[in-house]
Amino acid sequence: MSSFVESKMTNLVNNQGAEFVKYNQRQLSRIYPGGGRVDSSNYNPQLAWNAGCQIVALNYQTDSESMHLNQGKFRTNGRAGYILKPQIMRDPEKNFNPNTKTEIAGVEKVTVSIKVISAQQLPKPADTKGESRTKGEIIDPYVKVDFHGIPADNASFKTKVVQDNGFNPVWEEKRFEKDLLMPELAMIRFVVFDEDVGLVDDFIGQFSLPFTSLRPGSSIAEDLVELVQ
């Protein structure tokens, strides 16, 4: 096993992506946060996953987008902590470059279409003590849909803002479409924010899952219960 600080991993993925994938076919890689992260913040684990790194270590005490992606990644195996890499990343006869911008031989490109419909009983943002605000203005929610994967598959979409309605906001937003060149590595993150004009928008809740966990025509309403937890 070899250990790489996040900056070394990022450099390898960005500049020697295909070679790093080959390296990880025969060698275990452990990636760890940089020593300068004294606030226990995190790097983006997706970069390491794109190159087939086996142990992608994060600061678990920090709730962040990075941890949300990590939690979503391991939903596919009941949070047991082990996921098999895509076949193309395990086959020594195949060559996969995570930085490719064209279709990948042996991998079927897919188009994912998402329609954001509505929400129910959204909580108010937490205050500085982490407690939900019970008084004050009604929230103005919107949904941000983020695609994480190889660089060619990254994208972000945002719905309109529903004014003064956290109880049952309805977006009925047009479908967001995205072509995925490497669907087995793609993660989708749904985030609800409260728009604050002139200020930083308040985080309400999120849900992350791998693209491979989606079912055509399905609803993730039950999973989005996590938004109020």
Side-chain angles (χ1 to χ4, degrees), residues 1-14 20 24 28-83 85 98 119 122-134 139 141-151 153-158 185-196 199-211 213 220 223-229:
M1 179 185 293
S2 297
S3 296
F4 300 95
V5 68
E6 61 175 281
S7 56
K8 179 66 173 179
M9 175 274 294
T10 300
N11 181 63
L12 288 171
V13 174
N14 290 337
F20 200 23
N24 285 322
L28 290 174
S29 291
R30 181 181 75 94
I31 316 301
Y32 60 93
R37 293 186 180 275
V38 294
D39 59 349
S40 295
S41 58
N42 280 307
Y43 59 94
N44 184 354
Q46 187 70 50
L47 282 175
W49 296 335
N50 290 347
C53 298
Q54 294 89 348
I55 303 175
V56 184
L58 297 174
N59 290 312
Y60 267 54
Q61 67 268 38
T62 302
D63 186 50
S64 63
E65 181 179 43
S66 298
M67 275 305 302
H68 297 160
L69 292 175
N70 188 76
Q71 292 161 357
K73 180 78 169 177
F74 291 96
R75 292 182 186 279
T76 57
N77 69 346
R79 298 185 176 92
Y82 176 85
I83 296 174
K85 290 189 286 189
L122 294 174
K124 292 185 178 181
D127 60 19
T128 55
K129 296 181 180 180
E131 298 177 356
S132 179
R133 301 173 188 168
T134 57
I139 66 172
Y142 66 89
V143 180
K144 189 165 175 278
V145 183
D146 295 324
F147 289 83
H148 297 264
I150 63 173
D153 290 345
N154 292 340
S156 183
F157 305 97
K158 188 174 78 170
L185 288 177
M187 296 286 300
I188 303 177
R189 182 173 183 253
F190 300 86
V191 196
V192 179
F193 289 99
D194 169 28
E195 183 184 54
D196 280 337
L199 301 172
V200 176
D201 292 345
D202 291 315
F203 172 83
I204 302 298
Q206 70 84 38
F207 185 77
S208 303
L209 76 167
F211 165 76
S213 293
I220 62 169
D223 294 326
L224 286 176
V225 169
E226 293 196 2
L227 289 175
V228 298
Q229 294 181 348

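Owing to the predicted nature of the structure, the values given are computational and were not obtained by experimental measurement. In what follows, every heavy atom counts, from backbone to side chain, and hydrogens, waters and symmetry copies are set aside.
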Distance col, row Ile139:CD1 vs Ile204:CD1, nearest 0.5 angstrom, shows 4.5 Å
Of all residues at least two apart in sequence or in a different chain, which pass the salt bridge (charged side-chain N to carboxylate O under 4.0 Å, His left out) check with Asp201?
-> none
Give every residue pair that meets the salt bridge (Lys or Arg N to Asp or Glu O under 4.0 Å) criterion with at least one member in residues 39-55, sequence neighbours excluded.
-> none
Solution key, residues 28-35 side-chain donor-acceptor pairs under 3.5 Å, sequence neighbours excluded:
from	atom 1	to	atom 2	distance (Å)
Ser29	OG	Asn24	OD1	2.5
Arg30	NE	Ser3	OG	3.1
Arg30	NH2	Ser3	OG	3.4

Would you please name every residue forming a ring-ring contact (aromatic ring centres under 6.0 Å, His included) with Tyr142, sequence neighbours left out?
-> Phe193
Straight-line distance of His148 NE2 to Lys73 NZ, nearest 0.5 Å | 12.0 Å
Does the side chain to side chain contact (heavy atoms under 4.5 Å, CB included) test come out yes or no for Tyr43 and Leu58, once each step is laid out?
-> CA-CA 8 Å; Tyr43 59 94; Leu58 297 174; 3.9 Å; yes
Mind telling me whether His68 and Phe203 have parallel, tilted or perpendicular rings, with 30° and 60° as the class edges?
-> parallel
With side chains defined as the heavy atoms from C-beta onward, is the minimum distance between Val13 and Phe20 less than 4.5 Å?
-> yes
So SG of Cys53 and CE of Met9: to nearest 0.5 Å the spacing works out to 6.5 Å
CE on Met187 to CG on Asn154, rounded to 0.5 Å | 12.0 Å
Side chains of Arg37 and Thr62: closer than 4.5 Å at any heavy-atom pair?
-> no
Listed by chain and number, what are the salt bridge (charged side-chain N to carboxylate O under 4.0 Å, His left out) partners of Lys8, not counting sequence neighbours?
-> none
Side chain to side chain contact (heavy atoms under 4.5 Å, CB included) between Asp153 and Leu185, worked out = CA-CA 9 Å; Asp153 290 345; Leu185 288 177; over 6 Å; no
Would you say the side-chain atoms of Asn59 pair up with the backbone N or O of Ser41, donor to acceptor, closer than 3.5 Å?
-> yes
Return each pair, listed once, that meets salt bridge (Lys or Arg N to Asp or Glu O under 4.0 Å) where at least one residue sits in residues 46-68; pairs must be two or more places apart or across chains.
-> Glu65-Arg189
Under 4.5 Å between any side-chain heavy atoms of Ser208 and Ile188, yes or no?
-> no
CG of Leu47 to CG of Asn14: how many Å apart, nearest 0.5 Å?
-> 6.0 Å
Hey, are the side chains of Gln54 and Lys85 touching, using non-hydrogen atoms and a 4.5 Å cut-off?
-> yes
Please lay out, stage by stage, how Leu69 and Asn44 fare under the test side chain to side chain contact (heavy atoms under 4.5 Å, CB included).
-> CA-CA 9 Å; Leu69 292 175; Asn44 184 354; 4.0 Å; yes
Euclidean distance, Asp146 CG relative to Lys158 NZ, rounded to 0.5 Å | 11.5 Å
Any idea which heavy atoms bring Phe74 and Asn70 closest together, and the distance?
-> CD1-O, 3.2 Å
Student check: side-chain heavy atoms of Phe4 and Thr10 closer than 4.5 Å | no
